Every structure is written in C-alpha cells, then in structure tokens.
Amino acid sequence: MTQLPSRTDRKLGLVIDLDTCVGCHACVISCKGWNTENYGAPLSDQNPYGAEPSGTFLNRVHSYEVLPDHGAAQLVHFPKSCLHCEDAPCVTVCPTGASYKRVEDGIVLVNESDCIGCGLCAWACPYGAREMDAAEGVMKKCTLCVDRIYNENLPEIDRVPACVRTCPAGARHFGDLGDPDSAVSQLVERRGGIDLMPEQGTRPVNKYLPPRPRDRLEREVDGTALFLEPVADEPSGFFAWLDKALEKI
Amino acid sequence: MTHRQPPLDTSPPVSDEVRKTTCYMCACRCGIDAHMKDGKVAYIDGNRDHPINKGVLCAKGSAGIMQHNSPARLRAPLKRVGPRGSGEFVEITWDEALQIATDWLAPIREKNPEKLAFFTGRDQSQSFTGYWAQQFGTPNYAAHGGFCSVNMATAGIYTMGGSFWEFGSPDWDRTRLLMLFGVAEDHDSNPIKMGLAKLKERGARIIGVNPVRSGYNAVADEWVGITPGTDGLFILALVHELLRAGRIDLDYLSRWTNAPVLVNGDPKSPEYGLFLRNEDGRELVIDRNTGRPAPFDQPGVRPDLAATYRKAGISHRPVMHHLATRYLSPDYAPEAVAERCGIPAPRIRAIAAELARVAFDEAFTLEREWTDFRGETHKTMQGRPVSFHAMRGIGAHANGFQTCRALHVLQILLGSVEAPGGFRFKPPYPKPAEAHARPHSFATPGAPLDGPALGYPQGPEDLALYDDGSPARIDKAFTWENPLSAHGLMHMVISNAHAGDPYKINTLFMFMANMAWNSSMNTAGVIEMLTDTDVTGDYLIPRIIYSDAYYSEMVAYADLVLPDTTYLERFDCISLLDRPISEPDAAADAIRWPVVEPDRDVRGFQSVLCDLGARLGLPGFVNADGSAKYADYADYITNHERRPGIGPLAGWRLGNKGLSHGRGAPNAAQLDSYMNNGGFFATPVPPDAQYFKPWNNAYQDWAVELGLSDAPQPYLFQLYVEPLRRFQLAAEGHGDLQPPDHLRAQIRERLDPLPIWYDTLAEGQEGYPLHALTQRPMAMYHSWGGQNPWLRQIHGYNPLYLPTKLMREHDLRDGDWVHVTSPHARITVPVMEMAALNDTTIWTWNAIGKRKGAWALKDNAPEATRGFLLNHLIHELLPERGDGLRWANSDPVTGQAAWFDLRVRIEKAAPQGESQPVLPPVASPVGPGPDELAWKMGQ
Amino acid sequence: MHPAPSVIIFTTFSGLGFGLLAWLGLGLPTVTGWVACGFFALAYLLAVGGLAASAFHLGRPERALKAFTQWRTSWLSREAWVSVTTLIVMATYGAGLVFFGVRWSALGWIGALLCLGTVLTTAMIYGSLRAVPRWNMALTPVLFLVLSLAGGALLAGQRVAAIWLLALAGVVQILTWVRGDDALARSGTDMASATGLGDTGRVRAFEPPHTGPNYLLREFAYQVGRRHARRLRVIAILLMAALPIALLLLPLGHAVAAVAVLSHVVGVLVARWLFFAQAEHVVGLYYGKR
Ligand SMILES: Nc1nc2c(c(=O)[nH]1)N[C@H]1C(S)=C(S)[C@@H](COP(=O)(O)OP(=O)(O)OC[C@H]3O[C@@H](n4cnc5c(=O)[nH]c(N)nc54)[C@H](O)[C@@H]3O)O[C@H]1N2
Ligand SMILES: Nc1nc2c(c(=O)[nH]1)N[C@H]1C(S)=C(S)[C@@H](COP(=O)(O)OP(=O)(O)OC[C@H]3O[C@@H](n4cnc5c(=O)[nH]c(N)nc54)[C@H](O)[C@@H]3O)O[C@H]1N2
Ligand code: SF4
Ligand code: SF4
Ligand code: SF4
Ligand code: SF4
Ligand code: SF4
Ligand SMILES: [Mo]
C-alpha cells in the first residue's frame, strides 16, 4: 500500500529517445484508446465538442526549443508519462493506500476503488504524471499497461505497453531497467540516458536518451578537408575530365 | 515496514474478436486491428503483418474510433430547403435522392456530358470514379491532385517514371544519408517515421531542408532553414558542385539515362532541341564500341556521353553536354545562390561534399546477379547509399515542377535512383510518362469518353483545346497556361464555373473535398461564388451534388447531399490500378470492409455510383438487358475487369489451375480471401528484380506476369524532358498548334527541358516581405480531424508562428495579435514565437480553423474562435499586372496550386475576441455533440 | 497552485478552530457552563467546518474513511487521525467543563498538544511536498502553528499573548514570503533539470502538449501577477497582524475585539490564498510557466 516496497524484483519502465521522437502524438492517443477501454474507469473528456475541451491523458508530448550559444535553434519533442519512480513521493503521500508500487515489477498504480480523489499524489509528483478524472473523481496515471504486458489473451509479441507498440519512430523502449544486461539498460548505458529532475530525489525508473549533437556537418567536413575539389578551374576542364573518366568506364 | 498490494487481474480479456481492415484517418492506408466487444469497435491498433505500418499506428489512426462515432456523421440523404449555405435541409429517402440525381444528370448526358463536372477528393478510388466519369462521357473529371502534389508527381513521372510517396521510397534498410526537402508529414506518414527510426538506429545521417525545424526536421542531424521557394537554386548549386568536382556516376548516366542521347543543335530546324531518332522513333546515342549512332536500347550498345555527331550539317550533342554546360556556369556556384537561398555557401559546399562522400566513398555492392534490357548480365548490384525524399514544400510553388525536376536530376546524377541504398520504386511504378494514357478531352453526347480524361501529354497535340483554341475542360487543364496538368485543376473549377469561363456547366458533383473551406484558395470568395445568382435569381452554378460522411463546411453548399458511411462500415478497394499500398519489395493492394454495419440511413458512395450508373444506363454499369451490372461496390470490386483477367484487386483471382495472383478471372470469394488475410494482399518482388527495375529484365518480366503491364517497357531516365521542348518549339513558332501570344514567353522560359529556377515573386507582391506557410500537423488530418475530441485537444486552434527576430521587431509576445496582409486580403490572428524558424518565414498548422456550425462543434469551439485559415489570404489568381489578363496562382507547367508562394506583411494588432475574418455560422442538420464522453464498449 | 476555496477555507478555519481549542485546553480562559459551551461550539464549528470543507476537495468523499489507513507515511492520513483524536479528547475535556464544571487539566494539556499536532500535520501535508519548493521549508509548519496559536489567542481573548503571537506571525509570514520567493531557484529544479536538455543550450517551452486545458494546468499552473501579489501581501499583513495588534492596543471592547478577529481572519484568508496561488509547482516548468 502506501509504503514503498523496500525493493522490487524488477524495475520495469520506459526509455524514451529524444533524438528520434518526431512528436507525432501516436503514443498519446494509443494510450488514451487502450486505457479508455481497459484498466479502471474510462478516461473521460469534458466538453469534447465545445470550447476548452479537456480530458484525461496519461501521456502527453511536450516540445521545447534549445538555443545553443552558437548555431541554429533546435527543437525537441518530449513525451512524458509516469516515470515509475523508485522513491515515489506520490505513493507515500497517499492517505488511502490507493497508490502503490508493485513489488514484482515496480509499477506504480492507483487502485481506483480505494481512491478518494484527494489529489495529493498529483501534488506530490514533480512530473505532472497524474491526472484526476473529472467524471470518475479518481486519480489516473500511466499503468505501464500492466494489463497488457502480462496479458495471456495477447500474443506474446504484443505484451508491451500500447504506446511502445504504436510508436512509429521507435522512440519508446520498454524493459527491465533493474537488470543491467537488459536491452533497455544497455541502451541507456550506450546513449548516456538521464533522469529527469534528479534533484527531486524520486529516482525515476524511466530514462531519457538525450538528442545527438546537431548541425555539425561543416565542422566535420572542414576538419577532414573534404570539401569538393574542382576537376579543373575552367568549366571546359570538366569535359576534359569527362573524356578521361569515360575512358576508364 | 510492511507492504501490501491489492489483487490485480493482469490478463483481462482484450476483445471478443479482432477484425482486420484498413485505416482511413488519412491516405497512408495502414492496416488496423479493430478489437470488437459486443459487436462494437472497442479499440483500434496497428496490424503487425501489414506491409505499410507493420503494427504501428499514428495518433489519427488510434483515434479512429472517435471519428467512427462522431456526432457530425450525416444520417440520411439531404435535400436543401433554405438558401445555399444556410445549412437548412430536410432528410429524404435514398430512392428520392437517387431519383433527383438521375433526373438532373440524364438530360446532361444526353445533350452535353461536359456540363457535368465531377471532382473528387482524396478518395483512393480514382480508378473507379474516373471510370464512372468516362462512362458518363464528361472530360470534366479529376481528383484533388492539382492542388495537392501534381508538381511532384509529374516531375517524377516525366523524369524517371515515378516520384516519392506512392511511387517509391528511400531504401530505408541501406541508405546512409537521407535528404528531406519540404516534408512535414506526407502521405507516407508511418513508413517515413519507421524509416527514420531505422536510419537513426544505424547512425545514418539525416539532412532536413525546410524553413521550419519541426517534426522530421527537428530530428534531422542537420537543418537547412532555407528561404521558401529557393530549393531549385540550392539543388542546382549542389549539382554545380558535384559536376565541378566530377563526383557524378558517369557509368550510371551513360547506361540508364538519356545523358548520352543526341540532341538536334540546329536553331532553325523544327526539330531543334529534340532527340535524334531512328526510323522506329528510338532515341539515338553514339555507341562507344563503334563510334556510330545506335538506338539506345540496342543489345550491346555502350552509349558515349561525350561524343558529338554531325548529320546533314546539323551537329548533335548529347544531353550530358547541355546539362554540364548549363550547371557548371558560375550562376549556380554556392556563393552566387547563398544569399538568395538563405544558406551560407560553406554549408552548401559541405552538403555537396557529404553527398559525394557517401554516394561514392561509402558505396557498396550487393551480390545479386541481374540482366539488363540490353542483354548484359551484371554480377552485382552497385549501391549508392544516398537517398532523398521530398513533398509539397518544394512542390506547392509556382516553380515547383522545375524544382522537383532538379531534385530528381540530382538523384540521378548521383546514380542513386533504383540503386541499393538509394531511392526505390513501388510497383506498379516505375512507369514512364509514355506508358500512361494521354488526356481524352472531347465529349460526345450520350456516349462515353473515348478514353480516360486525365493523362500525360507528349506535346501540343495532346492539349484539351477545341479547334477554336478554347479550353475543352472546365478547369482549363491541358491548355497552354499549364500544359502538363496531369491531375486537373480542382482549385479552379468553382471559380471558372462561376465565371462561365471557358463555359457554363450545369451540375457540379463533388465527393469528399471540403471545397467551401480548406481546400479552396480565397475561401470567402469561393463561398460567394457558390451562392452567387444571376439576374433571374438562379444560382450561377445551377446544381451541386455532394457526398460527404460528416457535416463539413462544404455540405451546407450542396443542393443534394449523399451521405457516405464511415471507413469501418463499407467496402473500399486500394487497387494496383490506382494508388496501391505496395512497398519497394512487394506489390500489394488492400480493401476496407464493413467491420460494423451502419446504424444510419447512409450508403457507401461507390455503391451509390454503381446504382446511379445503372439508373443512367452508363455502359460499364448495365448489362446488355439494361439491368444493373453491379449490386454494389463489393460486386464491382470482385467482378469488374479493366482488361481481360485484370481487375481492381490482384490477389486470389481464378487462374487456369486454381487460384492465381495478378492475372485471372473474377473469383466470387475474393473479398473473403482478403478479409481472411488481414484485409490486404502482398506478393514479393523477386530478389533479382528488386533494384534497377526500369532496366532489369527480371523485374520487367515479373511485372508483365503480375499484370502490372502487358509487355516489358524498359526506358531511360529523362534528364532532358523532350515533351517540354515540344511546347517550347511551338512557342518559338514551330508547328500548327500555336500558343496565344501572351503565353509565348512563359512557355519558352518555364517549359525548359532541363531544370531551371526562377523567382516566383510576382509583380504586385512587392512590399510583402514575408513568406507565409502551412504545415500538416501529425496528429490532425485536414478539416476532418477537427471533429475528433481526442485530436482536437491536441490541436484545437492554430497560432501563427513567428521567428524570434520578427517577434522582437514588432514588439510581440506569445498570445498577442497581428494583422497579416497579403496582396489579396487581411486576417487577424494570435501569434507564438518560434526560434527554430527561417527569419523571413511565418507559418501555421493547416486546416485547423473551422466554420461555426460545422462538424457538430459548438459555436464557441476554439477552432472557430481562435483557429483560422491561411487560405483567406491566398487567391487563385495572381495580383493583376495591368495587361487585363487573369494569371493563375499556379505552376505554369502543371497548374499546381502555388499555396506556398504566399507573401505577406504583418503589423501588431489590438487584442481580439476572435480571429478575423469571422464568417456567419451555418445551421446544422446534425446538431452539436454531447457535453461529456466517458464510455467503454465492453461494459 | 490553484487557490481552491475548499483548501483555503479548510486550512484557515481549522487552524483557527484548533488554535482556539488549544487555548481552551490550556485553560486560557478557564470557562465553564454556558460560556464554555459557547467557546467550544465556536471552536468546533471552525475546526470541524474547516475539515468538512476539505471534503469538497475530494473526488470521492464517500470513501473518505479510507484516509485513515496510511498514517505510517501520509501526512494527510496522520492529520485524519490526529484531528479526530483531538476532537474526541477535546470533546471529553469540553464535556467536563460544560456539563460537570470541572477542568480535567491533564486532558486539557494533552488536547492542546494534539491541537498543535493537528495543525502541524495539516502544515506538513504541504510542507512535505518537494515538488512545491515554496512550501517545502521548515517555516511552513512554523507559520501554520504560529498563526493557529495567534488566531486562537485572539478568539480566546488572550490579549497579551495575541499581541505577541500576532507580531510573531507577521514576522514569520514575511520571512516565509522572503524565503519562499527564491525557494524554486534554490531547489535546483529548473527547465534544464526538468528536461535534461540544458547542456546544449538555453531551454524554452515551445508548443504545449495540448492546446486544450488540462487538470495539471488547472491545478498547478496558477500564476499571480507580481504587482498584484505585492499588494495582496501588504493587505494580508495589515489585516492579519498590524490592524488586530493596533486594535488590541486600544481599550478593549467586544466590538473592537470582533473587528480584530474579523480583520485577522480576512488577513489569513488573503495570506492563505497567496500561499496557494503563489506556490510554484515544478511541473509548471514543463509548461514553461515559471
Ligand atoms: N497528419 C496528416 N498527414 C497528412 C495530411 C494531413 O492533413 N495530416 N495531409 C496529407 C496530404 S493531402 C498531403 S498533400 C501530404 C502533404 O505532406 P507534406 O508535403 O509533408 O505537407 P505540408 O505540411 O504541406 O508540408 C510542407 C512542408 O514544406 C515546408 N515548406 C514550405 N515551403 C517550402 C520551401 O520552399 N522549401 C522547403 N524546403 N520547404 C518548404 C513546410 O514548412 C512544410 O514543412 O500530407 C498528407 N498527410
Ligand atoms: N492553406 C493551405 N490550404 C491547403 C493546403 C495547404 O498546404 N495550405 N493543402 C491542400 C491540399 S494538398 C489538400 S489535399 C487539400 C485537402 O483539403 P480537402 O480535400 O478539402 O480535405 P478535407 O478537409 O479532409 O476534406 C475532405 C472532406 O472529406 C470528407 N470525408 C472524410 N471521410 C469521408 C468519407 O469516408 N466519405 C466521404 N464521402 N467523405 C469523407 C470530410 O468530411 C471532408 O469534408 O487542402 C488543400 N488546402
Ligand atoms: S512520476 Fe510521478 S506519479 Fe509516477 S511514480 Fe514518479 S512521482 Fe509517482
Ligand atoms: S487522489 Fe487517490 S491515489 Fe491520489 S493520494 Fe488521493 S487517494 Fe491516493
Ligand atoms: S505505458 Fe501504457 S499507460 Fe503508460 S503511457 Fe504507455 S500506453 Fe499509457
Ligand atoms: S509515438 Fe513515438 S515519435 Fe510519436 S510522439 Fe510518441 S514517442 Fe514521439
Ligand atoms: S498514417 Fe495514421 S491515419 Fe494514416 S492510415 Fe496510417 S494509421 Fe491511419
Ligand atoms: Mo494533399
């Protein structure tokens, strides 16, 4: 219940590749679709056809501009859902035990039938990963698709979160971040994956892979003197060259 | 510390059944799994086996369930009772609706079939709708391609037998450098993203050329924030650099392109600039083995790129000479174009160097033996791991055709088209221009047209002009103004019909195009034209029939509305005769099928056309005894034969010995086979046929066997496009068919057979220093996505994005308002800052703005209050030049609408209550949607 | 943070109520019979009313009892326990005063301590949230406690204590504001740490994930104009402390005392509004709201 397990058997989570995410929102909507139809109450929408439509989403994609000291501004798409923190403050603040972290895999869940909708867990989460459903009055959050990843009614290959399955750009990876040999851990290792807001002390399980450096072509090409050399100074030189080149074909 | 957790069922049932069909939230046509509960669609995800999306699904696709249940769905046929545009209708029965349509159309067909203008949107059934139009007998048929991507399509087809998207794609598994030009999302939505993912995984480099650094351009390793409209110049500067350094694939050019083909060099000759041909009409090259001219396709010929040839006192130089002479000119040097393009010269040179490095220094070979059309067998396939993809960013300009041509030429010079690692065609492409039909434009009362209305002209003789020189088509396609308008000019139909120029029509019949809103230029003007009356009070466009599935803005302007089903309720056919779902390694087609039956009185539009065709007695839609030939569209899909043994679907036909693919007799159980196979059919291209398809015997034979063509059709890539030269010759005074004088200069200059670049800044646009663009949002589809409550939370309104520099210059902050003025009109809209944006460019998301009353949205929906259309600023005509002539805002070669040539200026405005202009609301026959949604199907 | 009336009313009035109860528990003033009844009625009205108001904040108030289960980790659960215990203890104590005219002083002392405990647990609901740096300070519980005691003193007619405590409350409040104003900056959480993108350059929020509003923005992205806030702070301090002190320094009459109480309550309400409205939740960083 509200207390965090002293340790979890596994640390299931997501690795999100900011180098690759094109900001298409596919993960946002597949998550909405799956979780409307599955775990707990449907994710409702208020005023769906009017001014200020506002519904519950468990995953949202932000975008940021990064302005380097030199060179062009960059744009980064930034999906964000629950990070399934190891020291999840959202769990310990919960007065009812509705919020809990699973021992077997570290997934942080809300048991909706215990939730009084006090909102405190959302206050405690620094990442904005919890949203109160206005129709149901209970707290909603990413379940890491706990009703997919072990679901024997799905083919084995589909036992991954809906957002991971759907991401067309392959920017979302799912696995056990507690196992240093897992593919996701290796990926994090290789690409220098990072925690969001490490200073908040939440120890997120989900990791983010930073974008690779951009706009380096001139520097590279320049450095290796790879600018194209003219065949000859005069245009006619090209024809001379052409003749020679052709003899070789 | 104790820890307890509640019991949890981690294996709940997912669905009662999965029905596999094809998505239609956009034109990408991914395979979907519709998870059914209690007979209803409960959840949609991607079909893992599908060749297009392999299981992934975009935001729109996943939101399909909300579209399918949209409150904006039409419920029954509608007859207009109020004035046009009021939105006042009564529901009528299908019998009545079809009777009205028949009563209107039958007399037209009897007397002047061209007085029916039948235009369709992105319906993906053009081989069917085109066939219907042809049987009706009107040349006035086209789909939306004229305002969409005809520049890209024609440039590709005339140059190399296909272009991007449905025509082909980068070799995602092997390419090491991808350059993207002017792509925000494209039709190939999921495949591009999946492809980019593959590149990223391999660490291949991506260069994005786009004034805006969002989406694909944001993940690109290099961003080239080009000034809009200047890509042609940039590309030709790359060509200049590559030529200057000799870093081009000469072997490839000599074998597979018309670089060695000899061009007549006699300025006085009527053949000047045309190819030297033999008696059979075959282009001639100099054979390096003999030094003598020979037809290009003669077995054993080794074409010479350099040799010139004198015949009858006329010297003929190969295309390569013309090309090199032109682009080696210092006019195309990086330094000469840098400022105009907004790209520093060193960056242009670095990109050229990188293209060359990857194409030649990272070249590899595939161990696959293949034989070319000259009979030569090659032990390996030469890879060139450089690829390109481009779309409307370079296409939707009035210099777009030539820019797209330039890009294709660049690809070809690098030897990367159809080479491993380069760009690859998808069956039925490659297919050169000559293998397509030519336009058929002249109607005969009471009879079908003698061929398909649309096609690819080869010269002035293919123009749609009556003997008096007046246009035969309402959209003036295939005229001297835009001779190669292979997709028609849908954006001119309403304007021309209203003006009675070139003639008046009787009935405008449209399907699935929101022409009273986001697909028209000059939206407010178009609305006026639709409602304008003559002195007697009759509408200038007498009758409008329209088919839509939802209450879109256009519905309000129809006299008769034929309500379509949603995509989950009907049969559709995504055919190899048309725009199939093939991938480079497989020919594939697909269907949609009714995974649920409609709960309203609506009918699939294609079925309605079958019915209407029978009522009108159109050949092709009636049996010999006059009875209806097809019960519905499913019947047509199964039993129609375009050529003997070739039908709409290629899979599971009846061959001589049981089931066969491609060719074969109709099979009554064909649709069942598709449904059982996940809604699609795919057959692999054999490994030795997978590359160099235009010249590869194995591919050509395979294509014939499958029925993609009836005979092998190897051809050369056209660096130099001879049909363009034929139009130029006419403009220079040769031949009987002569352009009007005011168009001579335009044709001489713009229809250059080698790519050129020209500025599109028209007279009258001075003083409008900024470029204004739109982009496709990945999570929204034109106007029809806006009714979707999940998607409209993501894009409920569209700010105008301004570069930081302009924000400062005009003292603006996010949320402030500006007046945006073009030579034609003014809008007032909210702004937002974007740093990663070309300094002279402003942009917004496309088609977010909505008309009040439409789409079952409430009048205070943000789409209608803060959202806006840039279309108000774009006119279908250019500012007047004082010569009394109407100059279309279109590409002079193809008629492509030049959406992205828009020039504007901005001024800060006082805060507004709503974006301006605000059009009055339309009444709604469907009413607004509910105030809350919280449903689960499986409860 | 969104300054929801329910939480403002809850914290303000329960603080006052438990403050008054604490003084009553200490026997200041020592009252019995009807007078005690009046005092206790007022205290319970404030304390219970405040607690009840908090229930309006719940999505599922009918399950409120479940909130008692997680006292090991949750300050809200602890508050539930302590407040109910306090109310029972003080009710017993009050019954002695009202019905039997006796003062079980030990019980009173325990009750008073529990009252402070209740206020402390309330304060810690906010003070323990690292995600809201302005609240996540030792000063938060101090402020709640001092305000509760000062308000209680005022209601309990403890003039001298009230004057000193109000003064102290004013000082603590000002300190809280001063320390609070750069709490976010000191917390080390910023756009760079939130996004991890700081190494490449300056980070600015571009498009939000949805053009439509959402729960997070409604709940956490509340922003008050700086000038507006400054003005409200002056008003709050004047009403909460300065004016009541001035009034208390006047010769005391019931009317004047009532005005002092009213002024204090309004002052605290304003301060509490600011407490919520000015509190920056770090999630705002993701929306470029900080
Ligand atoms: N999600 C979604 N997908 C869609 C659609 C949709 O509405 N939504 N629409 C479909 C349709 S009909 C079409 S036609 C395709 C269009 O697919 P795209 O061609 O990708 O569509 P646009 O958004 O028009 O993209 C134009 C891009 O070109 C850039 N651009 C504009 N001018 C220039 C220029 O001069 N040079 C360069 N280099 N770039 C320029 C713009 O910034 C923009 O990024 O998308 C299809 N796919
Ligand atoms: N400013 C600006 N304007 C542009 C462009 C641009 O880049 N900038 N791009 C242009 C381009 S490329 C295009 S393709 C056009 C697109 O513009 P439109 O073709 O007008 O596209 P939609 O808004 O999608 O409208 C299509 C209509 O089809 C209807 N529909 C949807 N599903 C069905 C169905 O199943 N059956 C039937 N019968 N109807 C259905 C919808 O309700 C809608 O009314 O916009 C053009 N307009
Ligand atoms: S991200 Fe937020 S909701 Fe998820 S575990 Fe961490 S603190 Fe809790
Ligand atoms: S809202 Fe529900 S899950 Fe969150 S803290 Fe309150 S009771 Fe627990
Ligand atoms: S893991 Fe499941 S619940 Fe979590 S964001 Fe992805 S789809 Fe949504
Ligand atoms: S689906 Fe993938 S690419 Fe699209 S927004 Fe989500 S993470 Fe990014
Ligand atoms: S790209 Fe998206 S909307 Fe288009 S067909 Fe595929 S899944 Fe459907
Ligand atoms: Mo389009």
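This one's a predicted model, so the numbers in the text were calculated from it and none came from an experiment. Note on naming: letters A, B, ... go to the chains in the order of the sequence lines (proteins, then strands), and numbering restarts at 1 for each one.
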With only heavy atoms counted, which part of [X] is less than 4.5 Å from chain B, the side chain, the backbone, both or neither?
{"X": "Pro211(A)", "answer": "neither"}
{"X": "Arg212(A)", "answer": "side chain"}
{"X": "Leu109(A)", "answer": "side chain"}
{"X": "Asn111(A)", "answer": "side chain"}
{"X": "Cys27(A)", "answer": "neither"}
{"X": "Cys24(A)", "answer": "both"}

Select, from [options], the one with the greatest count of heavy-atom pairs under 4.5 Å involving chain A.
{"options": "Tyr216(B), Trp855(B), Trp223(B)", "result": "Trp223(B)"}
{"options": "Asp45(B), Asn190(B), Ile207(B)", "result": "Asp45(B)"}
{"options": "Gly195(B), Ala861(B), Pro71(B), Pro12(B)", "result": "Pro12(B)"}
{"options": "Glu185(B), Met778(B), His35(B)", "result": "Met778(B)"}
{"options": "Asn788(B), Val56(B), Val18(B)", "result": "Val56(B)"}
{"options": "Ala356(B), Ala352(B), Gly246(B)", "result": "Gly246(B)"}

Counting only heavy atoms closer than 4.5 Å, note whether [X] contacts chain A via side chain, backbone, both or neither.
{"X": "Leu199(B)", "value": "neither"}
{"X": "Leu242(B)", "value": "both"}
{"X": "Ser15(B)", "value": "neither"}
{"X": "Arg866(B)", "value": "neither"}
{"X": "Pro777(B)", "value": "neither"}
{"X": "Ala72(B)", "value": "neither"}

What are the two closest heavy atoms between Tyr43(B) and Ile65(B), and how far apart are they?
N-CD1, 4.0 Å

Distance-only donor-acceptor check, side chains Trp935(B) and Asn69(B), under 3.5 Å:
no

If you measure only the distance, is there a donor-acceptor pair under 3.5 Å linking the side chains of Thr96(A) and Asp114(A)?
no

Which of the residues [options] is involved in the greatest number of heavy-atom pairs with chain B at under 4.5 angstrom?
{"options": "Pro48(A), Ala135(A), Ala73(A), Gly50(A)", "result": "Pro48(A)"}
{"options": "Ala134(A), Ser30(A), Ser63(A)", "result": "Ser30(A)"}
{"options": "Leu75(A), Thr166(A), Thr20(A)", "result": "Thr166(A)"}
{"options": "Arg216(A), His25(A), Gln46(A), Glu52(A)", "result": "His25(A)"}
{"options": "Asp158(A), Val28(A), Val76(A), Val22(A)", "result": "Val22(A)"}

Would you indicate whether the side-chain heavy atoms of His77(A) and Tyr64(A) approach each other to under 4.5 Å?
no

Hey, does Arg191(A) have a side-chain heavy atom less than 4.5 Å from the side chain of Val15(A)?
no

In plain terms, say whether Arg247(B) and Asp361(B) are close enough for a salt bridge, that is, a side-chain N and a carboxylate O under 4.0 Å apart.
yes

Lys/Arg N to Asp/Glu carboxylate O, Glu863(B) vs Lys858(B), below 4.0 Å
no

Tell me whether Glu932(B) at atom CD has more than 12 heavy atoms from other residues, nucleotides or ligands lying less than 6.0 Å away.
yes

Please say whether more than 12 non-hydrogen atoms of neighbouring residues, nucleotides or ligands are located less than 6.0 Å from NZ in Lys54(B).
yes

So if I apply the salt bridge (Lys or Arg N to Asp or Glu O under 4.0 Å) rule between Glu131(A) and each of Arg60(A), Lys32(A), Lys140(A), which one comes out positive?
Arg60(A)

Nearest 0.5 angstrom please: Asp304(B) CG to Arg288(B) CZ, how far?
5.5 Å

Could you give the distance from NE2 (His795(B)) to CG (Leu791(B)), rounded to the nearest 0.5 Å?
8.5 Å

Quick one: do Thr36(A) and Trp790(B) satisfy side chain to side chain contact (heavy atoms under 4.5 Å, CB included)? Show the steps, please.
CA-CA 11 Å; Thr36(A) 288; Trp790(B) 292 352; 4.1 Å; yes

Examine His240(B) together with Tyr332(B) and report whether their ring centres are nearer than 6.0 Å.
no

